[in-house]
Amino acid sequence: MNTANLTTLSDDELNNLVSKELRNDSTLMDDHVMKDVFSDKKPTQLVLNILMQRTDLIVESVRTNYELKNYNRREVFLDILAKDNKGKIYNIEIQNDPRGASAKRGRYHSSNIDTHILDKGKDFQDLPETYVIFITKYDVMKAGLPIYYVDRVYTNLKHTPYNDAAHIWYVNGTYQADDDIGKLMQDFQCSVPNKMHYGELANCLREYKGGCFAMGPALQEMERRYTERGEARGEARGEARGKVEGMLQKALDIATNLKRSTNMSDEAIAEVTSLTLEQVKSISI
């Protein structure tokens with residue numbers, strides 16, 4: 001198939017090409033990956049142990065994209081909601097946009113978790129310790145620290161702790177030092193499993209890239225991203241096709257150069273460029 005025919009690709013053909021691109025570029029910072037990977041307790045437990053600088057934290061339950069319903073008020077969707085074997089609650093939010101990690105959002109998440117976990121008849125002292133943890137792509141405080149810890153204090157008593165057991169943390173995604181948290185942040189923004197530091201996270205991302213992302217949802221996800229920016233559905237599909245066309249043209253250019261300058265077989269060139277054998281054979285030099 002040559003580039004002139006890309007505009008007539010069927011939905012299935014376009015889905016295949018777009019989903020391949022999305023899988024190749026995906027990292028743990030992407031919503032669609034996060035929801036799949038961290039629905040399992042083991043990777044969630046690994047991340048929490050690293051952030052808490054512990055080795056003994058055991059995750060008892062975990063949910064992704066969990067909705068806290070508030071009738072007549074704004075609902076809250078939690079990226080990850082986990083509970084450990086000590087009853088502590090952890091809400092992990094993946095944020096690629098600095099506006100999504102505002103102080104008031106942290107406050108709203110923390111308060112909503114409280115109102116949804118204390119059963120009727122229970123005493124306020126029964127509220128468990130909670131952590132709202134934002135993993136941000138950017139350094140929200142621009143101070144270079146790995147984690148920024150937020151806790152209430154008595155401001156006129158030499159910042160004596162208030163001890164309400166509610167914590168809000170901001171994990172700096174740009175922190176790339178050669179320590180556990182730095183390696184974790186490198187892994188969160190790495191799209192190549194073989195280059196990741198933590199084998200368990202690498203295996204999860206590798207499995208995801210191996211086919212867990214269905215072709216239909218891949219195209220829907222790309223279109224959703226464009227329509228969120230105010231573009232029409234038709235424009236989103238056109239832009240997706242444009243990206244596919246660019247990818248294919250680049251592969252064809254590479255294949256053409258290989259045929260001209262090397263003795264590689266058509267089969268070998270097809271394997272290197274991810275083109276079909278028919279596409280390679282159709283190139284005339």
State whether the number of non-hydrogen atoms from other residues, nucleotides or ligands found under 6.0 Å of [X] atom [atom1] is greater than 12.
X	atom1	value
Arg73	CZ	no
Asn156	CG	yes
Tyr149	OH	yes

> Is there a salt bridge (charged side-chain N to carboxylate O under 4.0 Å, His left out) between Asp40 and Lys42 once you walk through the steps?
Replying inline: CA-CA 6 Å; Asp40 186 359; Lys42 289 185 177 179; over 6 Å; no

Just so I know, are the side chains of [X] and [Y] near enough to count as touching, which here means a heavy-atom distance under 4.5 Å?
X	Y	answer
Tyr90	Leu57	yes
Gln53	Asp180	no
Ile92	Val171	no
Lys88	Met52	no
Phe38	Leu201	yes
Lys259	Val280	yes
Tyr66	His116	no
Leu28	Ile135	no

Between the side chain of [X] and the main-chain N/O of [Y], is any donor-acceptor distance below 3.5 Å?
X	Y	result
Arg63	Leu81	no
Asp164	Ala166	yes
Gln189	Gly173	yes

> Is any side-chain N of the basic residue among Asp97 and Arg99 closer than 4.0 Å to the acidic one's carboxylate O?
Replying inline: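 Yes.
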
> Is the shortest distance from a Lys or Arg side-chain nitrogen in Lys86 or Asp84 to a carboxylate oxygen in the other one below 4.0 Å?
Replying inline: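 Salt bridge absent between Lys86 and Asp84.
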
>> Which label fits His109 and Phe134: parallel for a plane angle under 30°, tilted from 30 to 60°, or perpendicular past 60°?
In response: tilted

>> So which atom in Thr136 and which in Met29 form the shortest heavy-atom distance, rounded to 0.1 Å?
In response: C-CE, 4.1 Å

Decide whether [X] and [Y] are clustered together by the hydrophobic rule: side chain heavy atoms of Ile, Leu, Val, Met, Phe, Trp, Tyr closer than 4.5 Å, transitively.
X	Y	answer
Val192	Met196	no
Ile50	Val62	yes
Leu46	Met34	yes

> Would Asp253 and Gln249 satisfy side chain to side chain donor-acceptor pair (under 3.5 Å), going step by step from the backbone distance to the final call?
Replying inline: CA-CA 6 Å; Asp253 290 343; Gln249 184 59 57; 2.8 Å; yes

From [X] atom [atom1] to [Y] atom [atom2], the distance as rounded to the nearest 0.5 Å:
X	Y	atom1	atom2	result
His167	Asn91	NE2	CG	13.5 Å
Leu51	Ile181	CG	CD1	6.0 Å
Asn112	Arg107	CG	CZ	11.0 Å

> Just checking, is any N or O donor in the side chain of Asp139 or Tyr148 under 3.5 Å from an acceptor N or O on the other one?
Replying inline: yes

